[in-house]
Number of protein chains: 2
Amino acid sequence: MALPPGWKREEVVRQSGLSAGKTDVYYITPEGKKIRSKPQLARILGETFDLSAFDFRTGRTVYSACRKSKRQKGSSYDFARGVRHDASLVLPIRQTASIFKQPVTVVRNGPKCKSKTDLKHGTQDQPKQVFWEKRLRGLRACDSSEEVIPTMDLPRQMQGIGPDLTSENVLQSISAALHVSSGPVVGQGASKQVIMKNPGINMDTQQPHVHQVVVSSDDVHRQEQRVQLARRKLQDLMGTLE
Amino acid sequence: MALPPGWKREEVVRQSGLSAGKTDVYYITPEGKKIRSKPQLARILGETFDLSAFDFRTGRTVYSACRKSKRQKGSSYDFARGVRHDASLVLPIRQTASIFKQPVTVVRNGPKCKSKTDLKHGTQDQPKQVFWEKRLRGLRACDSSEEVIPTMDLPRQMQGIGPDLTSENVLQSISAALHVSSGPVVGQGASKQVIMKNPGINMDTQQPHVHQVVVSSDDVHRQEQRVQLARRKLQDLMGTLE
DNA sequence: CGGAGTGACCCC
DNA sequence: GGGGTCACTCCG
C-alpha cells in the first residue's frame, strides 16, 4: 500500500441498520485527524494535489482512470464544493495539478512553424519551467504491486543549487539531464551566491541544478582502486565456489 | 405543543466547540427522568407506542412522514437496538403499534363476498376488538396549531364497564356508538359483576361500555328547568343589549 | 460537546 | 439503481 508516511487507512464494516455490511473507508492524517471522504481529503490537501486518479475507497491510484476517456471526461475535481476551514496538511500523492487552469505557453507544431525546427541552433526545446522538478515533490516511484522503490543517495559533495530544492529534486534534475541532454552534463558554472541572487536569470537552464563537481586525479585513482578491489573480491569468491 | 401532562421538553444550545450553536433536545418525564434520545424514549415506553411518526427534535408528530413514501420506507422503529433496563413509564402519543406483526383477521371485500353484504341481519360490521378504545389511549385531539382540544366530562352516574377503562375510553365508546350505531344506544344491560367475570363473552358488543343509565322523570324535569333557566337568561341579556 | 455510526439524499 | 457524500443521531 503506497501510503504516505504517517498516514493510516482504516476500513470499517457497518454492523447494523439498513446499510449493514457496507464498508466505510477513512484515512488518519499524521496529526490524527480522520478523513471520511474524498472531497474532505481534497479540501485538506488544498488545490496542489490532483486526486482525480486517486480512488478513495481502495486507496490506490487508478491508472485505468487515465485511459478511459469517458470516465475522465469530468475529471476536474470540484474543490470548491462545501469548502470550510480545515488545517492544511501535506499528503504526497501527485503534485501536478494539471486539471486546473494555469497560464501556459502554446507551442505550435503545425506546418507554419516547420522553419523553426530547421534552425541550426541545436535542439529546440519547448518552453519549460526552470524548476520543473518541484512538480514531482512527494511523488514516489513504485512497482506494479505499489511497493515504493527507494530513492538513490547522492555523494555529499554534490550540492543542489536553487530555492527550496530537496535532495530528491537534485537527483531528479541530474537524472533528467543525463537522460535528455545531447551535450556534456557538468552542472552550474556560476557561483551559488550569484545564482541564488536571481535564479531565473543566472541559472544555466541547459544544466542540472547542481554545482560543478571538481573531479581530481586523486578521485579517479581512488575509484580505480575501488574497482580493482571489487574485482579481486569477485575473483576470490569465484575461486571458493569451484 | 401537544405534550402529555407532566412531561417537559427542554432545548439547550451548545455554547462552544465545533458544534457551537447546535441545540440538544431532551424530555423530562413526570418522574423527573431526563430522556436524551428517541431510542431511549422508545425503551421507556415499551413497544406499545409507535414513535415512527414522532419527531424527537421538534416534539411533534410528523404528518408529512406518513405521505412521503420514500422517507418512511424504513418506518419500523428498531426497539431492540441497545435495549437495557429502564423504568417503565407512559407517554401518550399513539398506541397503535401498527408496524409490529400482529395476528389479524382478513376481511375480503372482493366480489365473492358480496352475498354477505346482502344479509338482512342488520349492519354487517368487520371484526373489531371488543375494547378497541384502548388503542386510542393517550391520543389527544388537537387543532391545526397543535393545541390540544380539551376532552368532555361525563356525568358521574355514567359508569364505564370493562377492564382498565379510562374515563376517556368510556367517552370514546359512547361517542362511537352514537355515531355509528343504527339502533338505540342504551349501554350494557348485564350487571357489572357478570360482565367483568368474562368481558369477552358477557359484554354486549353492540352497545358502548357503560352501564345502563336510568333516567327518572325527575331527571327529565330537572333538565327542563335548566333549559328554561338558560332561555330566560338569554332573554334578559338580549333585553340589556337593546 | 465530540465523534463513531448510520440514514438518506444526490448524482451518476 | 448503487455508491459517494454529508448530516444527524445517540451516547460516552
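So that the names make sense, note that chain A is the first sequence line, chain B the second, and so on, each numbered from 1.
The side chain to side chain donor-acceptor pair (under 3.5 Å) search around S167(B) returns none, not counting sequence neighbours. Remark: Y26(A) engages K34(A) in a side chain to side chain donor-acceptor pair (under 3.5 Å) (not counting sequence neighbours).
Within the structure, every side-chain polar atom (N or O) of R43(B) is placed at least 4.0 Å from both OP1 and OP2 of dC10(D). Regarding contacts with the backbone of dG5(C), every side-chain N or O of S16(A) stays at 4.0 angstrom or more from both OP1 and OP2. Using a 4.0 Å cut-off, no side-chain N or O of S37(A) falls inside it from OP1 or OP2 of dG4(D). Between S19(B) and dC1(C) there is no side-chain N or O to OP1 or OP2 distance below 4.0 Å. Between R57(B) and dT9(D), a side-chain N or O to OP1/OP2 separation shorter than 4.0 Å is present.
The base of dG3(C) is not paired with the side chain of R36(A) by any donor and acceptor separated by under 3.5 Å.
Counting any heavy atom pair closer than 4.0 Å across all strands shown, K22(B) reaches a base atom.
Computed from coordinates, the R14(A) CZ to dG2(D) C1' distance equals 13 Å when rounded to whole Å. Taking atom CG on D55(B) and atom P on dT9(D), their separation rounds to 8 Å, with Å as the unit. Computed from coordinates, the Y27(A) OH to dT5(D) P distance equals 11 Å when rounded to whole Å. Taking atom CD on Q40(B) and atom C1' on dC10(D), their separation rounds to 10 Å, with Å as the unit. For the pair K33(B) NZ and dC11(D) C1', the computed distance is 13 Å after rounding to whole Å. Here dC11(D) presents its P atom at 14 Å from NZ of K34(B), a figure rounded to the nearest Å. Rounded to an integer number of Å, the gap from CD1 of I28(A) to P of dG3(C) is 12 Å. If you measure from atom NZ of K38(A) to atom P of dC11(C), you get 18 Å, rounded to the nearest angstrom.
Note that the CD atom of Q188(B) and the OG1 atom of T205(B) stand 8.5 Å from one another [nearest 0.5 Å]. To the nearest 0.5 angstrom, R9(A) atom CZ is 8.5 Å from R57(A) atom CZ.
Distance from the side chain of L18(A) is smallest to dA8(C) among dT6(C), dA8(C), dC11(D). The side chain of P39(B) approaches dC11(D) more closely than any other nucleotide in the set dC11(D), dA4(C), dG7(C).
Heavy atoms of other residues, nucleotides or ligands lying less than 6.0 angstrom from NZ of K197(A) number 12 at most.
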